[in-house]
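Step one of this worksheet: look at the structure below.
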Amino acid sequence: MIKSRILGVGSYVPPRVYTNDDIAAMMDTSDEWIRQRTGIEQRHWVEGAMNTSDLALAASERALESAKVSKGEIDCIIAATLTPDHDFPGLGCFLQAKLGVPGIPAIDVREQCSGFLYGLSIADQYVRTGTYKRVLVVGAEVHSKGLDRSPAGRDVSVLFGDGAGAVIVGACEGTPKESDSQIYSTHIHADGSYAKELWVAAPGSAFGKDRIDHELIDSREHFPKMNGKAVFLHAAKRMPEAVMEALEKNGKKIEEVDLFIFHQANLRINEMVGKQLGIPSEKIFNTIQKFANTTAATIPIGLDEAVKAGRLKKGMLVASAAFGSGFTWASALYRW
Ligand code: COA
């Protein structure tokens, strides 16, 4: 049976850094509040006309280089984002054009913070069935252009950063041994009854003939709204469940996992997940301090940062889990 593995990883964040003090100069918040409640110290935001496909392109090129795969060898693109360049077509099409690889499929995934793991899951199925051999999975976000900087939006706006991360998923050579690099399994879930707990309402077909109007803009419906407490509670329950699902599926124990690369919504959520599962804190690789929450880009940025920091090495067993808007949640167990 064909199995897949991650062949390489890359990431890109825009150069401009905004500290919590920079944010406090723009809206009614403080470094102390942000740091204590979330662990965030800074985030990267784009400048000028830089958009999501620009970030995705830079991360994809780095992932290709790391995988030693040429762009002509990719046979499918899966792009996860909640902040596409335009309403339609999707990020995948714009990225494909910038990469200069016409003809191959470009699939958009819209599962927010779980988007990268959803994309990884799709790539894994395609490779396992022999449909595609080398799939580019990219998560990219430009949040900074869609945040409510008025007092009404401060609970959400301090949380998000811009960035992109990508991996190349390819087939293992032959049947991998237990200790070889491979994706063991991926697990994806959703519960749409909580869709409005974290969402952007407008523009949309739920409204009048123009999908958006001045009234919607005046009532700030084009900005994200969040029930922070509900998100926190569900994330702290679903992420441990998803990790255990992946371990049980593969007959592995929590102690066998070398590194946990979780989604980064709030440092406190990850600390609670670690506590519930009895994971020593040094095994959880957090990046929220530097990048804040970059939604679909978070996990591949985390992987790339962990490689660069020497924390993620060949042969390590890695577990990832994410939770986000939808609600959606997901996990993956893989050997690097
Ligand atoms: N700066 C300063 N004060 C703020 C603030 C900000 N950016 N945002 C909210 N506050 C204030 C509130 O107005 C409230 O004031 P009050 O007590 O006078 O009414 C107070 O801080 C507490 O607000 P609350 O919403 O109860 O805070 P919280 O403890 O729930 O923390 C979050 C807020 C957003 C940090 C937390 O709910 C969270 O992290 N939730 C999960 C978010 C998440 O994961 N989102 C992404 C999903 S992938």
Side-chain angles (χ1 to χ4, degrees), residues 18-43 45 80-83 109-118 139 141 143-144 146-163 165 188-192 194-200 220 223-242 261-274 284 286-289 291-302 320-331:
Y18 288 78
T19 64
N20 291 342
D21 285 332
D22 293 331
I23 302 298
M26 290 176 211
M27 63 184 91
D28 183 17
T29 188
S30 66
D31 174 55
E32 193 194 3
W33 192 96
I34 301 171
R35 215 178 264 259
Q36 275 183 5
R37 304 265 173 156
T38 71
I40 296 166
E41 294 168 19
Q42 60 170 55
R43 74 285 291 135
W45 281 357
T81 189
L82 66 84
T83 53
V109 169
R110 293 196 40 167
E111 269 61 44
Q112 298 69 245
C113 297
S114 310
F116 175 75
L117 292 180
Y118 265 70
E141 307 285 359
H143 283 294
S144 58
L147 296 173
D148 184 355
R149 298 178 190 200
S150 80
R154 65 179 180 166
D155 59 330
V156 176
S157 299
V158 301
L159 303 178
F160 291 97
D162 302 340
I188 56 177
H189 298 279
D191 185 347
Y194 295 100
K196 296 184 179 179
E197 299 290 9
L198 174 52
W199 69 320
V200 178
R220 315 186 86 73
F223 288 127
K225 303 272 186 316
M226 177 179 72
N227 177 350
K229 285 201 167 57
V231 175
F232 196 107
L233 289 173
H234 284 262
K237 178 170 180 285
R238 294 303 193 182
M239 285 176 59
E241 268 177 25
I261 307 273
F262 291 143
H263 177 58
Q264 305 282 307
N266 187 322
L267 200 57
R268 313 286 161 247
I269 294 177
N270 289 357
E271 285 168 358
M272 282 180 75
V273 173
I284 303 179
N286 288 311
T287 52
I288 192 166
Q289 301 91 332
F291 304 115
N293 182 354
T294 54
T295 323
T298 303
I299 288 179
I301 289 177
S320 286
F323 179 89
S325 159
F327 287 151
T328 57
W329 60 102
S331 64

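One-based numbering, in listed order, for ligands and for the atoms of each. Keep in mind that this is a model prediction, so the values were computed, not measured.
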Query raised in the report: Which is closest to atom 37 (O) of ligand 1 in terms of heavy atoms, A322, G228, G153?
Result: G228

Report task. State, yes or no, whether a side-chain contact exists between S320 and L117 at a heavy-atom distance under 4.5 Å. Result -> yes

Report task. Indicate yes or no for a side-chain donor-acceptor contact from K225 to the backbone of K196 under 3.5 Å, with no hydrogens or angles considered. Result -> no

Query raised in the report: In terms of atom number and element, which parts of ligand 1 are under 4.0 angstrom from non-hydrogen atoms of I269?
Result: 44 (O)

Requested in this report: Look at the side chain of R268 and the backbone N and O of Q36, then say whether any donor-acceptor pair between them is shorter than 3.5 Å.
Outcome: yes

Query raised in the report: Would you call L159 and T38 a side-chain contact if the rule is heavy atoms closer than 4.5 Å?
Result: yes

Query raised in the report: Under 3.5 Å, is there a donor-acceptor pair linking the side chains of T81 and E141?
Result: yes

Query - 4.0 Å protein heavy-atom contact status of atom 14 (C) of ligand 1, strictly under - result: no

Requested in this report: Could you tell me whether atom 17 (O) of ligand 1 has at least one protein heavy atom nearer than 4.0 Å?
Outcome: no

Query raised in the report: Is the backbone N or O of T287 less than 3.5 Å from a side-chain atom of Q264, with the two atoms forming a donor-acceptor pair by type?
Result: yes

Query raised in the report: Looking only at non-hydrogen atoms, which of K229, R37, M226 approaches atom 34 (C) of ligand 1 most closely?
Result: M226

Query raised in the report: Any donor-acceptor pair under 3.5 Å linking the side chain of E197 with the backbone of V231?
Result: no

Requested in this report: Please indicate, with yes or no, if any protein heavy atom is found under 4.0 Å from atom 40 (N) of ligand 1?
Outcome: yes

Report summary line: Counting from 1 in the order shown, the ligand 1 atoms closer than 4.0 Å to a non-hydrogen atom of V158 are 7 (N)

**Report entry** Under 4.0 Å to a heavy atom of F323 - the qualifying atoms of ligand 1, by number
**Finding:** 48 (S)

**Report entry** Ligand-residue contact atoms, ligand 1 with C113, heavy atoms, under 4.0 Å
**Finding:** 48 (S)

Requested in this report: For T38, take its heavy atoms, then give the atoms of ligand 1 lying under 4.0 Å from any of them.
Outcome: 35 (C)

Query raised in the report: Any idea which atoms of ligand 1 are less than 4.0 Å away from a heavy-atom of N293?
Result: 46 (C), 48 (S)

Query raised in the report: When only distance counts, is W33 in polar contact with ligand 1, meaning an N/O pair under 3.5 Å?
Result: yes

Requested in this report: Considering heavy atoms of the protein only, find what lies nearest to atom 11 (C) of ligand 1 and give residue, atom and distance to 0.1 Å.
Outcome: R154 NH2, 3.5 Å

Report summary line: Between the CG atom in D148 and the CZ atom in R220, the distance rounded to the nearest 0.5 Å is 4.0 Å

Report task. Using atom types as modelled and distance alone, determine if a side-chain donor or acceptor of R43 lies under 3.5 Å from a backbone N or O of Y18. Result -> yes

Query raised in the report: With backbone taken as N, CA, C and O and side chain as the heavy atoms from C-beta onward, which portion of M27 lies under 4.0 Å from ligand 1: side chain, backbone, both, or neither?
Result: neither

Report task. Could you tell me whether some N/O pair between T29 and ligand 1 is separated by less than 3.5 angstrom? Result -> yes

Query raised in the report: Has the side chain of Y194 got a donor or acceptor atom that lies under 3.5 Å from a matching backbone atom of S325?
Result: no

Report task. Ignoring angles and geometry beyond distance, decide whether N266 reaches within less than 3.5 Å of ligand 1 through its nitrogen or oxygen atoms. Result -> yes

Query - Part of V156 within contact of ligand 1 (heavy atoms, under 4.0 Å) - result: neither

Query raised in the report: Does a sphere of radius 6.0 Å around CE in M226 hold more than 12 heavy atoms from other residues, nucleotides or ligands, not counting ones at 6.0 Å or beyond?
Result: yes

**Report entry** Distance filter under 4.0 Å to H263 heavy atoms, resulting ligand 1 atoms
**Finding:** 48 (S)

Query raised in the report: Is the number of heavy atoms from other residues, nucleotides or ligands within 6.0 Å of CZ (R110) greater than 12?
Result: no

**Report entry** Within-cutoff protein neighbour (heavy atom, under 4.0 Å) for atom 44 (O) of ligand 1
**Finding:** yes

**Report entry** Verify atom 7 (N) of ligand 1: protein non-hydrogen atom under 4.0 angstrom away
**Finding:** yes

